[in-house]
**Q** 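Provided herewith is a single structure, encoded as structure tokens, for subsequent inquiry.
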Number of protein chains: 2
Amino acid sequence: MRRRLVLNGGEDIHRCLVCEIRDQSVCNAIDDNELAILAKASKQLSLPPATTLIEEGSAAQAFYNVTAGTVKLFKSLPDGRRQITGFADVGHFLGLTNAGTYSFGAETVNTVQVCRFMRPQLEILLNDYPLFERRLLAEVTDELAEAQEQMLLLGRKTARERVASFLLARMVHRPCQVKGEENIVSLPMTRVDIADYLGLTIETVSRTISSLRREKIIAGTDHHGIRVLSPTRLQGLASGQEHS
Amino acid sequence: MRRRLVLNGGEDIHRCLVCEIRDQSVCNAIDDNELAILAKASKQLSLPPATTLIEEGSAAQAFYNVTAGTVKLFKSLPDGRRQITGFADVGHFLGLTNAGTYSFGAETVNTVQVCRFMRPQLEILLNDYPLFERRLLAEVTDELAEAQEQMLLLGRKTARERVASFLLARMVHRPCQVKGEENIVSLPMTRVDIADYLGLTIETVSRTISSLRREKIIAGTDHHGIRVLSPTRLQGLASGQEHS
DNA sequence: CGCGCGTTTGACGAAGTTCAACCCTGGTGG
DNA sequence: CCACCAGGGTTGAACTTCGTCAAACGCGCG
């Protein structure tokens with residue numbers, strides 16, 4: 001069953017070997033001395049902002065691993081209403097599906113680098129490397145837990161709670177490494193994207209952020225960066241402990 | 001690596017062998033002549049309505065496969081607001097998680113039969129039967145797609161569209177087999193559960209159903225059964241094509 | 001019979017959307 | 001070099017949908 005792929009050059013294996021985010025992603029399930037196979041199975045792409053990676057309803061042909069930047073995943077209604085179901089950033093994969101077609105769309109938010117695996121290659125990896133499959137199962141299970149948390153947000157939280165949850169999640173999940181700048185939240189996406197992610201309108205998002213700013217819970221650096229002044233109060237807001 | 005479990009009786013293997021819903025579930029990944037191992041790894045439980053299967057935040061010790069009835073999965077906020085993230089019925093599993101604790105709760109809706117796998121046993125099955133793991137990956141991937149669809153509903157659909165989507169999903173996904181009763185939707189759960197699933201209040205759910213009834217799109221049999229008179233119009237409503 | 005639970009219906013109010021105007025910033029071209 | 005323009009963001013006022021509160025209904029069960 002195991003099929004060996006022949007290595008045709010030195011640069012391919014080099015790519016995966018020096019990949020800085022390998023141990024953040026599913027690729028860390030492949031052994032160091034087998035990286036040639038991984039490198040051969042995938043192709044690295046660099047994509048400008050607002051590039052469509054996946055067209056909703058199109059044939060499922062590829063699987064992507066994000067190595068730089070942020071990709072938004074979404075579903076739409078015929079009349080154009082859109083719900084962003086998640087942001088895939090460094091270390092996350094996208095494009096897994098059982099059906100023959102994608103049930104969702106994907107578009108780059110900023111400049112993005114991905115490794116693309118065509119479906120047959122992915123199948124081979126799954127078959128040959130049990131650890132890879134296990135790691136993928138773990139990853140999908142995590143995604144599902146996140147999706148459930150988001151359903152709670154969309155179904156039961158107020159606008160304030162949604163925005164607070166969003167900022168908090170981005171703060172803890174993607175901390176700014178710069179010393180003394182720990183509580184800076186980076187928001188590469190536009191207000192439209194945030195609104196479509198939180199199930200609100202851009203006006204409500206804008207008003208809510210302004211309101212949090214007036215209350216000194218956050219402070220704006222610019223439109224794509226926010227400093228959290230009181231993580232505690234933000235946490236309280238996010239879990240709905242404002243009035244109780 | 002493969003560990004053989006010893007069979008200690010005839011009835012255990014019999015249970016899985018005669019299991020009528022096996023090929024609807026992850027268990028169909030296990031070969032007929034290996035069913036003894038499956039039977040040994042699991043225990044069948046019968047549970048009355050409103051039984052807590054999983055306590056939110058408790059230690060993750062077991063994995064369940066539903067063989068009869070319906071289980072609701074949910075997440076809650078400290079003040080009691082609740083979001084039902086899905087209903088697991090015949091053939092579906094529940095209880096998979098990466099973390100050591102469950103991030104969600106689970107409770108039976110009606111009388112339920114489950115097969116319970118303790119975590120160590122599940123690990124063994126995953127390690128020894130690649131097909132089982134593959135099947136589970138497929139199942140979780142499907143769950144994720146469903147979750148995304150539900151996010152679209154919760155974030156972007158109106159009350160009418162939500163109720164229509166819900167009824168339609170239950171109709172196509174769980175057709176009534178009785179001849180001449182094809183368009184009967186069974187609703188084992190209460191209005192509270194429906195509301196908590198759709199991100200609405202019981203009053204709004206009730207009003208919306210009444211409204212659909214007045215418009216002759218559906219007809220009520222009793223409170224836990226509804227006949228769909230016009231699947232086409234329901235479909236139109238569900239996808240938001242009312243005004244366009 | 002009467003109690004309790006789940007459901008339905010109505011009147012009212014609040015949260016968030018819609019519509020519209022305005023502002024700010026960065027890029028382009030005269 | 002600066003004016004203009006376009007796209008994203010903010011703010012305000014009116015409106016709509018859905019939630020809240022309250023009352024009544026119906027059904028099953030002790």
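Chain letters run A, B, ... following the sequence lines, proteins first, then strands; residues in each count from 1.
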**Q** Please report, rounded to the nearest Å, how far the P atom of D:dG9 is from the CD1 atom of A:Ile226.
**A**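 Distance, rounded to whole Å: 11 Å.
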
**Q** Looking for any heavy atom pair under 4.0 Å, which part of the strands does A:Leu200 touch: base, sugar-phosphate only, or nothing?
**A**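 The answer is sugar-phosphate, as A:Leu200 gets under 4.0 Å only of primed atoms, P, OP1 or OP2.
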
**Q** Please give, in whole Å, the distance from D:dT16 P to B:Glu161 CD?
**A** 18 Å

**Q** Grab the CZ-P distance between B:Arg156 and D:dC18 for me, whole Å please.
**A**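 Taking atom P of D:dC18 as the reference, CZ of B:Arg156 is at 14 Å.
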
**Q** Does A:Lys157 use its side chain to pair, donor to acceptor, with the backbone of A:Gly240 at less than 3.5 Å?
**A**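 A pair under 3.5 Å: no.
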
**Q** For the backbone of A:Arg156 and the side chain of B:Arg81, can you confirm whether one donor and one acceptor N or O come within less than 3.5 Å of each other?
**A**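 Yes, B:Arg81 side chain to A:Arg156 backbone: donor-acceptor pair under 3.5 Å.
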
**Q** Whole Å only: how far is the NE2 atom of A:His224 from the P atom of D:dT10?
**A**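 Taking NE2 of A:His224 and P of D:dT10, I get 9 Å after rounding.
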
**Q** At 4.0 Å (heavy atoms only), tell me whether A:Thr204 reaches a base, stays on the sugar-phosphate, or touches nothing.
**A** base

**Q** Answer with base, sugar-phosphate or nothing: what part of the nucleic acid does A:Arg213 contact at a heavy-atom distance below 4.0 Å?
**A** sugar-phosphate

**Q** Whole-Å distance between D:dA23 P and B:Ile202 CD1?
**A** 16 Å

**Q** If a pair satisfies ring pair (Phe, Tyr, Trp, His ring centres under 6.0 Å) and one of its residues is in residues 191-214 of chain A, list it, with sequence neighbours excluded.
**A** A:Phe87-A:Tyr197, A:Phe166-A:Tyr197

**Q** Taking atom P of D:dC15 as reference, at what distance in whole Å does atom CD of A:Glu203 sit?
**A** 17 Å

**Q** Is the shortest side-chain N to carboxylate O distance from A:Glu56 to A:Lys75 below 4.0 Å?
**A** no

**Q** In whole angstrom, what separates B:Arg207's CZ from D:dA24's C1'?
**A**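 In whole Å, D:dA24 C1' and B:Arg207 CZ are 14 Å from each other.
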
**Q** Mind checking B:Gly199 for me? I need base, sugar-phosphate or nothing, with any heavy atom below 4.0 Å counting as a touch.
**A**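 Sugar-phosphate, no base atom in range.
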
**Q** Expressed as a whole number of angstroms, how long is the span from A:Leu187:CG to D:dG8:C1'?
**A**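 Atom-to-atom, A:Leu187 to D:dG8, this comes out as 14 Å.
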
**Q** Testing the 3.5 Å rule here: is there a donor-acceptor pair between the side chains of A:Glu161 and A:Ser165?
**A**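 No donor-acceptor contact under 3.5 Å links the two side chains.
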
**Q** Reading DNA chain C 5' to 3', which nucleotide is the first, and which the last, to come under 4.0 Å of any heavy atom in chain B?
**A**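 Listed 5' to 3', the contact boundaries are C:dT7 to C:dA11.
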
**Q** Sub-3.5 Å donor-acceptor pair from the side chain of B:Thr108 to the main-chain atoms of B:Pro48, do we have one?
**A** yes

**Q** Can you check whether B:Thr70's main-chain N or O pairs, donor with acceptor, with B:Asn110's side chain at less than 3.5 Å?
**A**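 Between the backbone of B:Thr70 and the side chain of B:Asn110 there is a qualifying donor-acceptor contact (under 3.5 Å).
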
